Amino acid sequence: MATKAGYTGGSDRTNIVRQFDESRMRLGLDTVDILYLHRWDPETPLQETFETLGGLQRSGKIRYIGVSNFAAWQVMKAQAAANIAGTRIDIIQPMYSLVKRQAEVELFPMALSEEIAVAPYSPLGSGLLTGKYFSGGTGRLSTDKRYAARYGQKWMLEAARALSELAAELGIDAATLSVAWAARNAAVTAPIISARNVEQLQPSMDAKDLMLSAEVYARMEALSPRPAAATDRLEEASS
């Protein structure tokens, strides 16, 4: 069971404790497995934030500490503060899908190196990769301007359409393929899936039993541009 704090109001002690207590009341739980910081707060000293999280952990109210929507440098800066506070960041929650692959550049290598779990969200690209919008379906992309802008680039739509064609060829739901693709990355612990009803949820659940072949994985990866490496000196560093 996981919840978040700090989407509004910042990551100072008072706000974290207040929002976390509100979440626990709604959940009806004394202890939550993971408490995520919802986003980076440039205004609050990191030491205050992680002393607060460490205190919640020591009191038994949370088991693990996570951060969401952090860049790699922000995770490592926060991890240093967490270490001083006698705790650590255990898990990160970045956006990741076939059409949102920025996490591959620095976040995933960092997580593997530092043994941080990864629970990426939106493996379906807010529904774009299910193919529903090509058959007249509606959802966030058709009702929310922010999501329409985030996933409205021409190449993303072309990738989603090509994925639907591949899914039809293989006889596998496009949502199943999308979640299985995200889960196959070595850095990913488990993608976060969501749905409005059981019918929508089932294709994502089916991904746990789907082992993508190297060929299918490569065909899917080729549908979207691979993000550029953070440095062009990787080969020299490894030689």
Side-chain angles (χ1 to χ4, degrees), residues 1-4 7 23-29 32-34 36 38 66 68-69 91-103 117-185 187-224:
M1 185 67 69
T3 190
K4 291 182 175 180
Y7 180 71
S23 289
R24 285 196 303 149
M25 288 180 62
R26 288 194 298 268
L27 293 168
L29 295 172
V32 173
D33 295 305
I34 305 170
Y36 289 99
H38 203 124
S68 180
N69 301 305
I91 187 168
I92 60 174
Q93 190 188 90
M95 182 188 299
Y96 185 56
S97 71
L98 187 62
V99 292
K100 285 289 184 179
R101 298 175 59 178
Q102 295 94 324
V118 179
Y121 66 90
S122 293
L124 301 180
S126 286
L128 175 64
L129 298 175
T130 67
K132 68 179 182 180
Y133 293 102
F134 303 122
S135 57
T138 59
R140 280 179 169 178
L141 304 191
S142 56
T143 60
D144 190 314
K145 292 182 179 179
R146 295 173 302 168
Y147 285 89
R150 182 179 296 172
Y151 293 101
Q153 297 182 48
K154 182 180 178 181
W155 74 262
M156 293 180 176
L157 301 176
E158 292 174 348
R161 190 177 296 278
L163 177 64
S164 292
E165 294 172 356
L166 177 61
E169 174 191 332
L170 298 174
I172 302 173
D173 195 287
T176 306
L177 286 175
S178 297
V179 174
W181 184 88
R184 195 178 186 277
N185 190 290
V188 171
T189 307
I192 296 172
I193 59 175
S194 62
R196 294 181 181 178
N197 51 54
V198 174
E199 183 181 0
Q200 283 189 352
L201 182 63
Q202 192 58 54
S204 292
M205 292 292 293
D206 290 343
K208 67 183 177 63
D209 298 318
L210 177 62
M211 181 63 68
L212 293 179
S213 68
E215 177 190 358
V216 172
Y217 182 81
R219 289 180 66 183
M220 292 181 66
E221 185 179 47
L223 299 180
S224 65

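Reckoned from all heavy atoms, side chains included, excluding hydrogens, waters and symmetry mates. Not measured: the values here are computed from a predicted model.
- At least one donor-acceptor pair under 3.5 Å links the side chain of Ser68 to the backbone N or O of Gln93.
- The CG atom of Asp33 sits 7.5 Å away from the CE atom of Met1 when rounded to the nearest 0.5 Å.
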* Just do the side-chain contact (heavy atoms from CB on, under 4.5 Å) check on Met220 and Leu212 with the steps written out, would you? => CA-CA 10 Å; Met220 292 181 66; Leu212 293 179; 4.1 Å; yes

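- Only one option out of Leu129, Val99, Leu157 pairs with Tyr151 in a side-chain contact (heavy atoms from CB on, under 4.5 Å); it is Val99.
- The heavy-atom pair separating Ala2 from Val32 by the smallest distance is CA-CG1, 3.9 Å.
- Thr189 places a side-chain N or O within donor-acceptor distance of the main-chain N or O of Val118, the cut-off being under 3.5 Å.
- His38 and Tyr7 have tilted rings, their planes meeting at an angle from 30° to 60° on a 0 to 90° scale.
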* Candidate pair Arg184 and Glu221, rule salt bridge (charged side-chain N to carboxylate O under 4.0 Å, His left out), full reasoning -> CA-CA 11 Å; Arg184 195 178 186 277; Glu221 185 179 47; over 6 Å; no

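- Of the inter-residue distances, the one linking Tyr96 atom OH with Ile192 atom CD1 reads 14.5 Å to the nearest 0.5 angstrom.
- By the 4.5 Å heavy-atom criterion applied to side chains, Thr3 and Arg26 are not counted as neighbours.
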* To do: Go through Glu165 and Arg161 one step at a time and tell me if the side-chain contact (heavy atoms from CB on, under 4.5 Å) criterion holds.
  => CA-CA 6 Å; Glu165 294 172 356; Arg161 190 177 296 278; 4.2 Å; yes

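- A distance of 4.0 Å separates CD1 of Ile91 from CD1 of Ile34, quoted to the nearest 0.5 Å.
- Thr176 places no side-chain N or O within donor-acceptor distance of the main-chain N or O of Asp206, the cut-off being under 3.5 Å.
- Counting heavy atoms from C-beta outward, Pro120 and Val188 have side chains that approach closer than 4.5 Å.
- The two atoms that bring Arg219 and Leu223 nearest to each other are O-CG, 3.4 Å, heavy atoms only.
- Met95 and Tyr121 get closest at one heavy-atom pair: N-CE2, 3.4 Å.
- Annotation: side chain of Leu124 is in contact with side chain of Ser204 (closest heavy-atom distance under 4.5 Å).
- No side-chain donor-acceptor contact under 3.5 Å links Ser126 and Arg150.
- At most 12 heavy atoms of other shown residues, nucleotides or ligands fall within 6.0 angstrom of atom CD in Glu215.
- Residues Ser122 and Ser97 approach most closely at O-CB, 3.3 Å, considering heavy atoms.
- Between Met156 and Leu128 the shortest heavy-atom distance is O-CD2, 3.9 Å.
- Nearest heavy atoms, Ala182 versus Pro123: CB-CB, 4.1 Å.
- We find the CD1-OG distance between Ile193 and Ser178 to be 12.5 Å, quoted to the nearest 0.5 Å.
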